[in-house]
Novice: 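Got a structure here, written out as structure tokens. Questions coming.
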Amino acid sequence: MINEENRLIEKYDKPVPRYTSYPTVPDWKTEDFSVDGYKKDFLTSYIRNREEGLSLYIHLPYCESLCTYCGCNTHITVNHAVEYPYIQALLKEWQMYLDIIGERPLLKEIHLGGGTPTFFSSDNLKLLIEGIVQTVDLATNYEFSFEGHPNNTTYEHLKALHEVGFSRVSFGVQDFDLKVQKAINRVQTFEQVKQVSEWARTLGYTSVNFDLIYGLPFQNQDSILKTMEYVVSLKPDRIAYYSYAHVPWKRPGQRAYSESDLPKPSLKRELNKIGQEQLKRMGYKPIGMDHFALPGDSLINAFDNGELHRNFMGYTTNPGKLLVGLGVSSISDIDLAYVQNVKSVKGYLQHIDAGELPVFKGHLMSDEERRIKSKVLSVACNQRISSKDAVELYSESKSKIEELVSDGLLEKTASGFEVTEVGTQFLRNICTLFDPNYSADRKIKVFSQSV
């Protein structure tokens, strides 16, 4: 069994997209994009989908120190005078979208990401959310969530955000082992994580999520087991157990440690296996790529009902087609197009001061791309390939499907193919079946390893 697992790792642990979108960002065709065209497409898509409600992802890029493993767009500073001008810029950007649609939209989701959202004071975060909420109608089942750093998330942060509608919080834990924490420059104690989790529950948050990562420098079986012991004692409602993406050519901070400090592929797979086994033993159910939740969680219900969705915010129960990204480097997905905001704070503020949407590139979606996107999402979210899609695949890549079946990643059913338990570890590889842009022989290294 161990030899078979090692064989599959060696075969499928290749650089593949994470499929938070299709087409993936490196494959966007930006030459046909224009800001004026995007505004028209946004209005068209809004009119078509207004009754579903829209989602807002708001990127808050500031951090006081750099976590060296991080792949996010961050701006390191200890100068908190930057907070208020950035909040005002976000509200101005949001007003630009309101001016395009000319009415109060129905708002279904807000997610504050980063960076470190809790770099901002509770007063400034409250100012931001109140400034948005007063311009919208809230859906009856709206959900507001944010990412919190256990080291600087205060009781006041949690209280202020709960008062303006937040019910979900995700804490970036990553690992409890001190040697690992020092290597990635993110030292936080179990007591700090316990405190913020208890505060959240006392205040009435209905969901607490932990982000954990395997494959970090100096991790081993014992450190993962110890981390899981700490986790089970706090029993978060959801857990994201991510594979560390080593992309130092994109994130120079990852050069703070040597590749020899990272677990070898076979050990990394073992860490994933150990972690997942512990989570399942603790009562968590696996959902899609990397996610786990306790029975009764809305993610599990959505998965069981075939209603799970995936976008740039990760897995969500909201299948809406309107995701607007505000702030530096944010990506908007409006069904007809993707766009990304400029990646520097200075550039972003300059666009806002000039009264311009701060987008710098985009991709117009063709009908064929939207069709492929739905197939990729079916694998990533529902872990199945329909019989209709299977027929198309057989005509194009019969040998690839038969190989996945032979390796035990897919199983033939009366309605197409289902991803097996083994196959769930390689969902990204299976998604590549539908991706005409993907090539395992890509000359330029773009993606991280699948495992």
Side-chain angles (χ1 to χ4, degrees), residues 17-50 52 54-59 61 71-73 89-90 92-102 105 111 113 247 250 309-314 320-377 431-432 434-439 442-444 446-447:
R18 296 212 162 193
Y19 289 112
T20 48
S21 71
Y22 177 84
T24 59
V25 176
D27 294 315
W28 286 6
K29 297 178 177 64
T30 59
E31 59 271 12
D32 297 327
F33 173 78
S34 72
V35 176
D36 287 340
Y38 167 63
K39 290 179 180 179
K40 292 177 182 177
D41 284 340
F42 177 75
L43 181 58
T44 298
S45 190
Y46 173 79
I47 293 171
R48 289 180 183 175
N49 302 290
R50 57 152 63 95
E52 292 183 355
L54 59 81
S55 300
L56 286 181
Y57 170 77
I58 304 175
H59 192 76
C72 301
N73 185 289
L90 290 170
K92 289 177 182 176
E93 184 185 2
W94 173 235
Q95 186 59 51
M96 293 179 200
Y97 280 98
L98 293 175
D99 291 342
I100 294 172
I101 62 179
H111 182 74
V247 288
K250 292 173 64 176
H309 186 57
R310 182 170 172 83
N311 57 28
F312 284 102
M313 296 194 294
K321 294 183 173 63
L322 290 170
L323 169 61
V324 175
L326 302 179
V328 173
S329 76
S330 290
I331 295 177
S332 297
D333 176 358
I334 62 164
D335 189 42
L336 297 178
Y338 294 114
V339 296
Q340 184 171 22
N341 282 356
V342 294
K343 293 185 176 182
S344 73
V345 173
K346 181 179 178 181
Y348 173 76
L349 295 176
Q350 286 175 340
H351 277 279
I352 297 299
D353 288 343
E356 304 167 345
L357 279 179
V359 300
F360 83 105
K361 70 176 181 179
H363 175 87
L364 304 178
M365 292 285 283
S366 67
D367 290 341
E368 176 64 11
E369 285 172 334
R370 289 203 295 277
R371 197 170 72 89
I372 293 172
K373 179 181 179 180
S374 69
K375 297 177 182 181
V376 170
L377 285 175
C431 286
T432 64
F434 298 104
D435 187 352
N437 300 316
Y438 175 74
S439 170
R442 200 163 190 157
K443 300 298 182 185
I444 301 175
V446 175
F447 308 113

Novice: State the NE2-OH distance between H59 and Y348, to the nearest 0.5 angstrom.
Specialist: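 Interatomic distance, H59 NE2 to Y348 OH, rounded to 0.5 Å: 11.0 Å.
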Novice: Tell me, do D333 and S21 make a side-chain contact under 4.5 Å, heavy atoms counted?
Specialist: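 SC-SC contact between D333 and S21 ruled out.
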Novice: Do you know the tightest heavy-atom contact between L357 and H351?
Specialist: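 That would be O-ND1, 3.8 Å.
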Novice: Find out whether F33 and V339 are in side-chain contact, i.e. whether some heavy atom of one side chain is under 4.5 Å from a heavy atom of the other.
Specialist: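 Yes, close enough: below the 4.5 Å cut-off.
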Novice: Is there side-chain contact between I352 and E93, with heavy atoms separated by less than 4.5 Å?
Specialist: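 In contact.
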Novice: Please find the pair of heavy atoms, one from K321 and one from N49, that lie closest to each other, and give the distance.
Specialist: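 The answer is CD-OD1, 3.5 Å.
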Novice: Show, in sequence, the C-alpha distance, side-chain angles and deciding distance for R48 and L336, and conclude whether the side-chain contact (heavy atoms from CB on, under 4.5 Å) test is met.
Specialist: CA-CA 11 Å; R48 289 180 183 175; L336 297 178; 3.6 Å; yes
Novice: Are the side chain of Q340 and the backbone N or O of I331 linked by a donor-acceptor pair below 3.5 Å?
Specialist: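 No; zero donor-acceptor contacts below 3.5 Å.
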Novice: For the residue pair Y438 and T24, establish whether any side-chain heavy-atom pair is separated by less than 4.5 Å.
Specialist: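 The answer is no; the side chains never approach within 4.5 Å.
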Novice: Once you round to the nearest 0.5 Å, how far does CD of Q95 lie from CD1 of I100?
Specialist: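 With rounding to 0.5 Å, CD (Q95) is 10.5 Å from CD1 (I100).
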Novice: Got a second to check how far D367's CG is from I372's CD1, nearest 0.5 Å?
Specialist: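 Spacing of CG (D367) from CD1 (I372) equals 11.5 Å.
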Novice: Determine whether the side chains of N311 and Y57 contain a donor N or O and an acceptor N or O closer than 3.5 Å.
Specialist: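 No, because no side-chain N or O of N311 sits under 3.5 Å from a partner of the opposite role on Y57.
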Novice: Of all heavy-atom pairs between P23 and M365, which one has the smallest distance, and what is that distance?
Specialist: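 Heavy atoms only, the tightest pair is CD-SD, 3.5 Å.
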Novice: If we ignore hydrogens and angles and just use 3.5 Å, is the side chain of D36 paired with the main-chain N or O of Y38 as donor and acceptor?
Specialist: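 Checking the backbone N and O of Y38 against the side chain of D36, no donor-acceptor pair under 3.5 Å is found.
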Novice: Of all heavy-atom pairs between T432 and P17, which one has the smallest distance, and what is that distance?
Specialist: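 Result for this residue pair: CG2-CD, 4.4 Å.
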Novice: Ignoring hydrogens and geometry, is there a side-chain-to-backbone donor-acceptor pair from R310 to V376 under 3.5 Å?
Specialist: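 Side chain of R310 to backbone of V376: no pair is present.
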Novice: After noting the C-alpha distance and the side-chain angles of Y22 and N437, does the key distance pass the side-chain contact (heavy atoms from CB on, under 4.5 Å) rule?
Specialist: CA-CA 10 Å; Y22 177 84; N437 300 316; 3.5 Å; yes
Novice: Using only atom types and a distance under 3.5 Å, with no angle test, would you say the side chain of S330 pairs donor to acceptor with the backbone of I58?
Specialist: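 Not confirmed, S330 side chain does not pair with I58 backbone.
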Novice: Starting at NE2 of H363, measure out to OG1 of T30 and round the result to the nearest 0.5 Å.
Specialist: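 Those atoms lie 10.0 Å apart.
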Novice: Work out which heavy atom in L322 is nearest to a heavy atom in I334; give both atom names and the distance.
Specialist: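 Reported closest heavy-atom pair: CD2-CB, 4.2 Å.
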Novice: Evaluate the side-chain proximity of E356 to V35: yes if any heavy-atom separation is below 4.5 Å, no if none is.
Specialist: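 Of all side-chain heavy-atom pairs linking E356 with V35, none is under 4.5 Å.
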Novice: Roughly how far, to the nearest 0.5 Å, is the NZ atom of K373 from the OG atom of S366?
Specialist: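 These two atoms lie 11.5 Å from each other.
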Novice: Do D27 and E369 have side chains that get closer than 4.5 Å, going by heavy atoms?
Specialist: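 Sidechains of E369 and D27: no contact.
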Novice: Taking the side chain as C-beta and beyond, is there a heavy-atom pair between L326 and Y97 under 4.5 Å?
Specialist: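 The answer is yes, as the side chains (C-beta and beyond) meet within the 4.5 Å cut-off.
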Novice: Please lay out, stage by stage, how F42 and V324 fare under the test side-chain contact (heavy atoms from CB on, under 4.5 Å).
Specialist: CA-CA 10 Å; F42 177 75; V324 175; 3.7 Å; yes
Novice: Write down the atom of G355, the atom of M96, and the distance for their closest heavy-atom approach.
Specialist: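 Closest approach of G355 to M96, heavy atoms only: C-CE, 3.7 Å.
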Novice: For a 4.5 angstrom cut-off between non-hydrogen side-chain atoms, does Y338 reach L323?
Specialist: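 SC-SC contact between Y338 and L323 ruled out.
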Novice: Can you measure from CG (N73) to OG (S344) and round to the nearest 0.5 angstrom?
Specialist: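 Result: 8.5 Å between the selected atoms.
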